[in-house]
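Structure record follows, encoded as structure tokens.
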Amino acid sequence: MTFRIGFLLLPGFSLLSYASAVEPLRGANQLSGRDLYAWSHVAVSGRTAAASNGAAILAEAEVGDAVDVDALFVCAAGNPARFADAPTFRWLRRLARGGMLIGGVSGGAYVLARAGLLAGRRCTIHWEHVPAFREDFPEIAVEHGRFVLDRDRLTCAGGVAALDMMHALIERHHGAELATAVSDWYLHTEIRGGAEAQRASLAERYRVDDVRLLRALAEIERRLSSPPTRQELATAAGTTLRTLERLFAESLGTTIGALSQDVRLDRARLLLRQSRRSVLEVADLCGFTSASHFSRAYKARFGHAPRAERAGTGTGRTMPVDVG
């Protein structure tokens, strides 16, 4: 029996995420010599859906139409927190009431949450959306893994994590032998489980291996709303403050205070772009007790004020808008 999958392609969806989800289905058909999977596309309106890179996919249906599928995946990228199309939410709820398996790719989990389809279920989402997602939906258990299969909801973080998710789906339907053959066909030799991390480790991101530095960096990232003092960081790192300052200078080329502030400003930028929190609330959540200090530091790092980021008039110099 053919398993039919629909892909709801929201405006600005990630072509990489979509391709990583649909190509394993084609591979399964090709390698098995059978039509194990069929797929179709749904646009929010009209008969085309434009990806973030400008490529357009022809859609067989649009939101509101009757679709003959067994599962539907919502593919989103960019800033899914700003997607607020009520007819889409109603349509998704109607499909869910009919017992359909519904999934989210990259920022797709945001749309499912907005539609009320993740209550009582675990999910994952691209790491860049996590801070805003947790602010908007504190009651939903969002995980940092690559994909999550929880009953009739299936979410993945996007990008190449969709390959891992589809490997798991093919294995569930047709066994490990075919799933592995498909992954081999796409040179996907390092198959990752759903719980594996989305991002590189601290050691890989900062290109350091000193355990004292790694402990300090972990503490900085853990305590964004209440930044630890330099002495608290030294204690967490298991070394003296003088030694920790030397390690930051020699290995990272910066000071403890400067790096800590940059980490908190990066988090603030995500929240300003993807949450509905006020500028003052974002400043507080990111450990800035003074609005004027926050504004000055933000402008020094990104070239524009926090309010310009919220209004969408910032330079976009450092952080990408499209993810996953």
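Computed over heavy atoms, backbone and side chain alike; hydrogens, waters and symmetry mates excluded. Since this is a predicted model, take the numbers as computed values, not measurements.
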CG of L149 to CG of L169, rounded to nearest 0.5 Å, is 7.0 Å
Looking only at heavy atoms, the pair that brings E232 and P228 closest together is OE1-CA, 3.2 Å
Looking at R215 and E219, does any basic side-chain N land under 4.0 Å from a carboxylate oxygen?
no
May I ask you to decide if M100's main-chain N or O and D70's side chain share a donor-acceptor pair within less than 3.5 Å?
no
Does some side-chain heavy atom of I140 sit less than 4.5 Å from a side-chain heavy atom of C123?
yes
Is the backbone of I220 close enough, under 3.5 Å, to the side chain of S260 for a donor and an acceptor to pair up by distance?
no
Main-chain N/O of A168 paired to E171 side chain as donor or acceptor, under 3.5 Å:
no
Pair V44-T88, side-chain contact (heavy atoms from CB on, under 4.5 Å): steps then yes or no:
CA-CA 7 Å; V44 174; T88 297; 4.0 Å; yes
Show your working on side-chain contact (heavy atoms from CB on, under 4.5 Å) between L217 and V208 and close with a plain yes or no.
CA-CA 10 Å; L217 291 168; V208 297; 4.2 Å; yes
Look only at the side chain of S32 and the backbone of A28, and say whether a donor-acceptor pair between them is shorter than 3.5 Å.
yes
What verdict does the salt bridge (charged side-chain N to carboxylate O under 4.0 Å, His left out) test give for E60 and R47, after you've listed the backbone C-alpha separation in whole Å, the side-chain angles of each residue and the deciding distance to 0.1 Å?
CA-CA 7 Å; E60 293 84 1; R47 283 294 186 262; over 6 Å; no
In terms of ring plane angle, is the pair F294 and Y298 parallel, tilted or perpendicular, where the classes change at 30° and 60°?
perpendicular
Can F3 and H174 be said to form a ring pair (Phe, Tyr, Trp, His ring centres under 6.0 Å), step by step?
CA-CA 11 Å; F3 191 82; H174 301 289; 8.8 Å; no
Using a 4.5 Å cut-off on heavy atoms from C-beta on, say whether the side chain of L213 contacts that of Y206.
no
Using the rule given for side-chain contact (heavy atoms from CB on, under 4.5 Å), can you reason through L285 versus E135, listing the C-alpha separation, both sets of side-chain angles and the distance that settles it, and then say yes or no?
CA-CA 10 Å; L285 286 168; E135 288 297 321; 3.8 Å; yes
Do F248 and L259 make a side-chain contact, defined as non-hydrogen atoms from C-beta onward lying under 4.5 Å apart?
yes
For residues 235-247, which side-chain donor-acceptor pairs fall under 3.5 Å, sequence neighbours excluded?
from: T235; atom 1: OG1; to: Q231; atom 2: O; distance (Å): 3.0
from: T240; atom 1: OG1; to: T243; atom 2: N; distance (Å): 3.1
from: T240; atom 1: OG1; to: T243; atom 2: OG1; distance (Å): 2.8
from: E245; atom 1: OE2; to: R230; atom 2: NH1; distance (Å): 2.1
from: R246; atom 1: NH1; to: E250; atom 2: OE1; distance (Å): 3.2

Carefully, step by step, assess Y18 and H41 under the rule ring pair (Phe, Tyr, Trp, His ring centres under 6.0 Å).
CA-CA 11 Å; Y18 159 74; H41 310 90; 5.5 Å; yes
If you measure from the Lys or Arg side-chain nitrogens to the Asp or Glu carboxylate oxygens, is any gap between E221 and R267 under 4.0 Å?
no
Kindly state whether the ring of F13 and the ring of F7 have centres lying under 6.0 angstrom apart.
no
Answer yes or no: is there a donor N or O on one side and an acceptor on the other, between the side chain of N29 and the main chain of R26, under 3.5 Å?
no
Are the side chain of R277 and the backbone N or O of L271 linked by a donor-acceptor pair below 3.5 Å?
no
Nearest heavy-atom approach of R82 to L272 is NH2-O, 4.2 Å
Do R151 and R122 come within less than 4.5 Å of each other through their side chains, counting heavy atoms only?
no
Interatomic distance, OH@Y186 vs CE@M166, rounded to 0.5 Å, equals 11.5 Å
Please determine whether a side-chain nitrogen of the Lys or Arg among E139 and R134 lies less than 4.0 Å from a carboxylate oxygen of the Asp or Glu.
no
Less than 4.5 Å apart, any side-chain heavy atom of S225 and any of D284?
no
May I have the step-by-step check of side-chain contact (heavy atoms from CB on, under 4.5 Å) for I102 and R153, ending in yes or no?
CA-CA 5 Å; I102 296 181; R153 300 290 177 266; 4.1 Å; yes
Chi angles and distances behind the side-chain hydrogen bond (donor to acceptor under 3.5 Å, both in side chains) call for D164, H188:
CA-CA 9 Å; D164 300 310; H188 181 216; 2.9 Å; yes
Evaluation steps, side-chain hydrogen bond (donor to acceptor under 3.5 Å, both in side chains), between Y110 and D136
CA-CA 9 Å; Y110 228 118; D136 282 346; 2.7 Å; yes
Would the distance check show the side chain of N53 and the main-chain N or O of A55 forming a donor-acceptor pair, the cut-off being under 3.5 Å?
yes
S52 versus S14, closest heavy-atom pair with distance:
OG-CA, 4.2 Å
I'd like a table of donor-acceptor pairs (distance under 3.5 Å, sequence neighbours excluded) in which one partner is a side-chain atom from residues 176-184, with atom names and distances.
from: T180; atom 1: OG1; to: A176; atom 2: O; distance (Å): 2.9
from: S183; atom 1: OG; to: H167; atom 2: ND1; distance (Å): 2.8
from: S183; atom 1: OG; to: A179; atom 2: O; distance (Å): 3.3

Between R121 and D150, does at least one N-O distance fall below 4.0 Å, as a salt bridge requires?
no
Rounded to the nearest 0.5 Å, how far apart are NE2 of H173 and CD1 of I170?
9.5 Å
Minimum heavy-atom separation for S295 to A305, with atom names?
OG-CB, 4.4 Å
So, does T2 use its side chain to make a donor-acceptor pair with the main chain of A38 at under 3.5 Å?
no
Is there a side-chain contact between I256 and L233 in this structure, where contact means two heavy atoms from C-beta onward sitting under 4.5 Å apart?
yes
From R296 atom CZ to S290 atom OG, the distance as rounded to the nearest 0.5 Å
6.0 Å
From F288 CZ over to L280 CG, what is the distance, rounded to the nearest 0.5 angstrom?
13.0 Å
Within 45° of the ring axis of F302 and under 6.0 Å from its six-membered ring centre, is that where the NZ or CZ of R269 lies?
yes
Tightest non-hydrogen contact, residues F73 and G104, listed as CD2-N, 4.3 Å
Heavy-atom side-chain contact between P80 and H129 under 4.5 Å
yes
Please answer: with hydrophobic residues joined when any side-chain heavy atoms are less than 4.5 Å apart, are I125 and V160 in the same cluster?
no
Checking the side chain of W185 only, and the main-chain atoms of Q30 only, is there a donor and an acceptor separated by less than 3.5 Å?
no
Within 45 degrees of the axis of the six-membered ring of Y37 and under 6.0 Å from its centre: does R4 put its NZ or CZ there?
no
Just wondering, do L92 and L72 contact through their side chains at under 4.5 Å, heavy atoms?
yes
What's the shortest heavy-atom distance between A162 and A21, and which atoms?
CB-N, 3.8 Å
More than 12 heavy atoms from other groups under 6.0 Å of CZ on R93:
yes
Where the side chain of E309 meets the backbone of P306, is there a donor-acceptor pair that is under 3.5 Å apart?
no
With M165, which of L154, V148, T124 fulfils side chain to side chain contact (heavy atoms under 4.5 Å, CB included)?
L154
L163 reachable from W39 in the ILVMFWY side-chain graph, under 4.5 Å edges:
no
Value for CD1 (I57) from CG (L15), rounded to nearest 0.5 Å, stands at 6.0 Å
